[in-house]
Amino acid sequence: MQPPRIFYIGFLVVFSLFWMLFKIGGTANFPRALLSFAIDMVPSVAAMMITTELLLPKYVYQKKYGPFGLTYAAVILIAGGLSIWGQLAMSGITISNYSERAARSNHFFYWFWSDLILVSFFLVFMTTAAGTAIRFAYDRVKALQHVEQ
């Protein structure tokens, strides 16, 4: 069965436009917003494709929910971590200088924990969840068509 690539692409185009507008709204520097957008989206899209094309057929469709849950959590943590690492690298921030930056600025503390940490993992989770929903819906329609024939 052919995977629903056109539906993934449609979702990613619409979601990418939304996320790009969000990034542009956060900074007046367009090249920086574009780089930040790419740093967020590349791991998210990779996580979505791994989840929908590898994990679902290998675990969920085989009713191996425990291994799926563990592997899915690892995918979310790795992709979210890559996004966080990329955003920090782009900003010239290291974990070792986090304490001094947080002590100097409450804004940095809140940016780090809410905008960077939570949003990175949330973005990856939402992207993979949407891709999973698309895959489930597509496979269900294909199964119904097969039954009708």
Side-chain angles (χ1 to χ4, degrees), residues 1-61 65 68-145:
M1 188 179 327
Q2 183 71 1
R5 289 190 179 97
I6 190 73
F7 299 108
Y8 296 149
I9 292 168
F11 161 72
L12 290 172
V13 166
V14 171
F15 186 75
S16 293
L17 289 172
F18 164 77
W19 197 250
M20 185 63 192
L21 290 173
F22 176 76
K23 288 295 184 174
I24 292 171
T27 179
N29 184 339
F30 184 76
R32 184 176 173 87
L34 189 60
L35 179 59
S36 179
F37 164 78
I39 290 170
D40 282 344
M41 288 306 292
V42 169
S44 296
V45 171
M48 183 186 87
M49 296 311 295
I50 288 168
T51 301
T52 59
E53 299 301 315
L54 296 175
L55 301 183
L56 290 180
K58 184 175 182 177
Y59 295 121
V60 174
Y61 291 163
Y65 303 116
F68 170 76
L70 292 173
T71 311
Y72 180 61
V75 166
I76 298 291
L77 289 173
I78 291 168
L82 287 171
S83 180
I84 292 166
W85 175 78
Q87 295 291 349
L88 290 174
M90 179 187 73
S91 299
I93 299 169
T94 63
I95 297 299
S96 61
N97 70 7
Y98 165 78
S99 298
E100 74 180 56
R101 284 179 174 260
R104 282 188 279 150
S105 167
N106 280 339
H107 175 72
F108 177 80
F109 176 82
Y110 291 113
W111 169 82
F112 184 85
W113 288 104
S114 65
D115 289 351
L116 182 61
I117 303 296
L118 292 176
V119 169
S120 294
F121 290 117
F122 183 74
L123 176 66
V124 173
F125 172 76
M126 291 306 295
T127 306
T128 57
T132 299
I134 291 167
R135 179 66 188 252
F136 281 155
Y138 181 83
D139 290 347
R140 179 74 175 153
V141 168
K142 283 295 203 184
L144 289 173
Q145 288 174 348

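In plain terms, the two heavy atoms of Gly86 and Ile39 that are nearest each other are O-CD1, 3.5 Å. Scanning all heavy atoms of the two residues, the minimum distance from Ser36 to Lys23 falls at OG-NZ, 2.9 Å. Shortest non-hydrogen contact noted between Arg135 and Pro57 is NH2-CG, 4.1 Å.
Side-chain contact between Leu123 and Phe15: present, with at least one pair of heavy atoms (C-beta onward) separated by less than 4.5 Å. Between Gln87 and Asp40, some side-chain heavy-atom pair lies under the 4.5 Å cut-off. Proximity of Phe121 to Ser83: side-chain heavy atoms (C-beta onward) are nowhere separated by under 4.5 Å. Residues Val60 and Leu55 form no side-chain contact, since every pair of their non-hydrogen atoms from C-beta on lies 4.5 Å or further apart.
Among residues at least two apart or in separate chains, there is no salt bridge (Lys or Arg N to Asp or Glu O under 4.0 Å) pair with a member in residues 116-127. For residues 72-91, the ring-ring contact (aromatic ring centres under 6.0 Å, His included) pairs, not counting sequence neighbours, are Phe68-Tyr72.
When only modelled atom types and interatomic distance are considered, Arg5 and Thr52 share no side-chain donor-acceptor pair under 3.5 Å.
The CG atom of Leu88 sits 5.0 Å away from the CG atom of Leu116 when rounded to the nearest 0.5 Å. Here Glu53 contributes atom CD and Leu56 contributes atom CG; the two are 8.5 Å apart, rounded to the nearest 0.5 Å. How far CD1 of Ile6 is from CD1 of Ile134: 11.0 Å, rounded to the nearest 0.5 Å. Rounding to the nearest 0.5 Å places CZ of Phe30 at 4.0 Å from CE of Met20. Rounding to the nearest 0.5 Å places CG of Leu82 at 11.0 Å from CG of Leu77. Rounded to the nearest 0.5 angstrom, Met41 CE and Trp19 CH2 are separated by 9.0 Å.
Within a 6.0 Å radius of CZ in Phe122, other residues, nucleotides and ligands contribute 12 heavy atoms or fewer. The neighbour count for Phe11 CZ, taken as heavy atoms of other residues, nucleotides or ligands under 6.0 Å away, is above 12.
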Test Lys58 against Thr71 for side chain to side chain contact (heavy atoms under 4.5 Å, CB included), laying out the working first. CA-CA 11 Å; Lys58 184 175 182 177; Thr71 311; over 6 Å; no
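With sequence neighbours excluded, the residues that form a side chain to side chain contact (heavy atoms under 4.5 Å, CB included) with Ala47 are Val75, Ala79, Val124, Thr128.
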